[in-house]
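A short write-up of the structure that comes next.
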Amino acid sequence: MAYLAAGTLVRRGFPLPEPSSRLGRIDGLRGLLAMSVVIHHFFLWMQIQYFAAPWEAPSIALLNQLGAGAVGLFFMTTGFVFYPRVLNGFRDTSWITVLVSRAFRILPLVIVSTVAAAVISFLFLGGSHDIGDYGGQMLLWVATWGEPNLGGLADSGRINAYVLWSLKYEWAFYLFVLPLSAVAMDIARALRFPSWTVPAGLLVATAGFRLVDQVEKHATFLPLFAVGMLAFEASRSPALRRILTARPVGIAATIGLVVGALTTPLPYYASLPLFSFFFVCVACGNRLFTTLGKPNWLVLGECSFGIYLLHGIVLFAIFTAGQPLVPSISADAFLVAMPLASVIIAPLTAACFVGIEKPMIATGKRIARELTQQRGLPPAELEVAP
């Protein structure tokens, strides 16, 4: 249903970017992943409503991979998209451009999502709490440092499906992993090592660190960024592209992804090679995945950040409003709410993209350009991926 709704948006003139400026099937993949997260959280709500289960990972591996696996592939996408900055090296990259553009890309919609959650919390509490109590709690949400209960409303993180956790690791990538990888690239070039040794080294180092970091598990997601970087390296190699774009290879990658999703609950460990192989094939433009380049998927790709941040609010509204119906409607019948949610989410996030995200992205690029010109820094790379 989201795909069909996106088709309506295409016909109504949704502003798709020029093909030369985007990432083709990676952009379409982002739309598919965002909707996968929606389905994952829909089933979490079904667990709560019909089986009195807590908000926790589903026991069925596939249902959990719809969320965890999608986020893992999102992290790979980030590594892929920003690897050109690593290839430029530390001195030839405008880090002000990267950080300013990221701030204007991420923060506006995070603020909108947080304010919406705070308003819903305030209304649920009957306006009985001082609005001033929300300030510090909302700041933690926006900073992605946690999602404390807003105004004391229990489990208020369910309003946005607790999605802000992943942005903390995105920020860690932009602030630390990306510039340090660029420094490593400068060193590798000085030593005449091939460029692929940098992401390969990052993959080995972070995977190794995970073995000793069994308590805090800070490095759980870092290898995924390295996989994305290696995918970019593969996409630059004509010989590898010839192999990885073949249809039989795409079929094998798809089968591997399905096997990984059916047999493991998380994409970070045993099934990481299967998820990685699938992503590399998509990144190289495997012919099996040409449908991801269709306008409908590209619309959802453009709206994917909004879908990720705002779908929880739609699901919260549907399941809260539908709670009185639970005793009289079977779980199977309630599944009809899933396409309903998709029909709401697609135009809502499209409106947010056009009215909030796109103008803020343009503002961030303009400010970054002005800052780089004033300071005589390397030319700004203004096409920073969403």
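- Leu348 and Val163 fall within the same hydrophobic cluster, where Ile, Leu, Val, Met, Phe, Trp and Tyr residues are linked whenever their side-chain heavy atoms come under 4.5 Å apart, directly or through other members.
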For Glu233 and Leu87: C-alpha separation, side-chain torsions, deciding distance, then whether side-chain contact (heavy atoms from CB on, under 4.5 Å) applies. CA-CA 10 Å; Glu233 285 283 354; Leu87 289 172; 3.9 Å; yes
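- Here the side chains of Phe278 and Val282 are in contact, with some heavy-atom distance below 4.5 Å.
- A donor-acceptor pair under 3.5 Å is formed between the side chain of Thr197 and the backbone N or O of Pro194.
- Under 3.5 Å, the side chains of Ser237 and Arg242 contain no donor-acceptor pair of N or O atoms.
- Residues Phe14 and Phe353 bring their aromatic ring centres within 6.0 Å.
- In this structure the side chain of Leu29 reaches within 4.5 angstrom of the side chain of Phe279, judged on heavy atoms.
- Hydrophobic cluster membership is shared by Ile313 and Leu150, with clusters built from Ile, Leu, Val, Met, Phe, Trp and Tyr side chains linked at under 4.5 angstrom.
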I would like to know whether Trp145 and Leu139 meet side-chain contact (heavy atoms from CB on, under 4.5 Å); could you show each step before the answer? CA-CA 9 Å; Trp145 203 251; Leu139 184 60; over 6 Å; no
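- In this structure, the side chains of Lys168 and Leu164 stay at 4.5 Å or more apart for every pair of heavy atoms.
- Phe225 has its ring centre no less than 6.0 Å from the ring centre of Phe82.
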After noting the C-alpha distance and the side-chain angles of Glu170 and Leu175, does the key distance pass the side-chain contact (heavy atoms from CB on, under 4.5 Å) rule? CA-CA 9 Å; Glu170 291 276 344; Leu175 293 172; over 6 Å; no
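- Few gaps surround CD1 on Ile111; more than 12 heavy atoms of other groups in view lie less than 6.0 Å from it.
- Taking the side chain as every heavy atom from C-beta outward, Ser156 and Glu147 never approach each other to under 4.5 Å.
- To the nearest 0.5 angstrom, Arg287 atom CZ is 4.5 Å from Thr245 atom OG1.
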Does the pair Phe42 and Phe319 meet the rule for a ring-ring contact (aromatic ring centres under 6.0 Å, His included), with working shown? CA-CA 9 Å; Phe42 185 93; Phe319 278 91; 5.1 Å; yes
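- In terms of heavy atoms, Arg30 sits closest to Gly301 at NH2-O, 2.8 Å.
- A cation-pi arrangement, defined by a distance under 6.0 Å to the six-membered ring centre and an angle within 45 degrees of its axis, is absent between Arg25 and Phe289.
- Side-chain contact between Val280 and Leu230: absent, with no pair of heavy atoms (C-beta onward) separated by less than 4.5 Å.
- Interatomic distance, Lys358 NZ to Arg105 CZ, rounded to the nearest 0.5 Å: 10.5 Å.
- Leu335 is connected to Ile344 through a chain of hydrophobic side-chain contacts under 4.5 Å among Ile, Leu, Val, Met, Phe, Trp and Tyr, so both are in one cluster.
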Evaluate the criterion side-chain contact (heavy atoms from CB on, under 4.5 Å) for residue pair Trp297 and Thr291; output intermediate values, then yes/no. CA-CA 8 Å; Trp297 285 121; Thr291 186; 3.9 Å; yes
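- The shortest non-hydrogen separation linking Val86 to Ser181 is CG1-O, 3.6 Å.
- Residues His311 and Ala161 share a closest heavy-atom pair of NE2-CB, 4.1 Å.
- Side-chain atoms of Trp95 come within 3.5 Å of backbone N or O of Phe90 as a donor-acceptor pair.
- Summarising the geometry of Met185 relative to Ser195, their closest heavy-atom pair is CE-O, 3.5 Å, with the distance given to 0.1 Å.
- Formation of a donor-acceptor pair under 3.5 Å by the Asn286 side chain with backbone atoms of Cys281 is not found in this model.
- Leu180 and Tyr169 end up in different hydrophobic clusters when Ile, Leu, Val, Met, Phe, Trp and Tyr side chains are linked at under 4.5 Å.
- Between atom CD1 of residue Ile159 and atom CG of residue Leu315 there is a gap of 12.5 Å, rounded to the nearest 0.5 Å.
- Judged purely by atom type and a 3.5 angstrom limit, His40 uses its side chain to pair as donor or acceptor with the backbone of Leu63.
- With a 4.5 Å cut-off on side-chain heavy atoms, Ser113 and Trp141 do not count as touching.
- The closest side-chain heavy-atom distance from Val259 to Ile255 is below 4.5 Å.
- If you take CZ on Arg366 and CG on Leu371, they are separated by 10.0 Å, rounding to the nearest 0.5 Å.
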Criterion side chain to side chain donor-acceptor pair (under 3.5 Å) on Ser166 and Tyr308, from CA distance to verdict: CA-CA 10 Å; Ser166 66; Tyr308 184 74; 2.7 Å; yes
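- Phe209 and Val204 are not part of a single hydrophobic cluster, where members link through side-chain heavy atoms under 4.5 Å apart.
- Residue Leu274 holds its CG atom at 7.0 Å from OG1 of Thr263, rounded to the nearest 0.5 Å.
- Legend: residues meeting ring pair (Phe, Tyr, Trp, His ring centres under 6.0 Å) with Tyr83, ordered by chain and number and at least two apart, are Phe232.
- With hydrogens and angles disregarded, no donor-acceptor distance shorter than 3.5 Å links the side chain of Gln65 to the backbone of Leu262.
- At a threshold of 4.5 Å between non-hydrogen side-chain atoms, the residues Ile48 and Arg158 count as touching.
- Here the side chain of Arg210 pairs a donor or acceptor atom with the backbone of Tyr268 at under 3.5 angstrom.
- Closest non-hydrogen pair, Cys284 versus Leu244, comes out as SG-CD1, 3.7 Å.
- With a 6.0 Å radius and a threshold of 12 heavy atoms from other residues, nucleotides or ligands, Trp196 has its CH2 atom at or below the threshold.
- Distance alone, capped at 3.5 Å, places no donor-acceptor pair between the Ser121 side chain and the Ala117 backbone.
- Looking at Ser36, its side chain does come within 3.5 Å of a backbone N or O of Leu66 through a donor-acceptor pair.
- Side-chain atoms of Thr363 come within 3.5 Å of backbone N or O of Pro359 as a donor-acceptor pair.
- More than 12 non-hydrogen atoms from other residues, nucleotides or ligands lie less than 6.0 angstrom from OH of Tyr162.
- With hydrogens and angles disregarded, no donor-acceptor distance shorter than 3.5 Å links the side chain of Thr206 to the backbone of Ala226.
- Contact record, Pro108 with Met360: CG-CG, 3.6 Å, taken as the closest heavy-atom pair.
- More than 12 heavy atoms of other residues, nucleotides or ligands shown are found within 6.0 angstrom of OH on Tyr50.
- Note that CG of Leu73 is 9.0 Å distant from CG of Leu32, once rounded to the nearest 0.5 Å.
- A distance below 6.0 Å separates the ring centres of Phe316 and Phe124.
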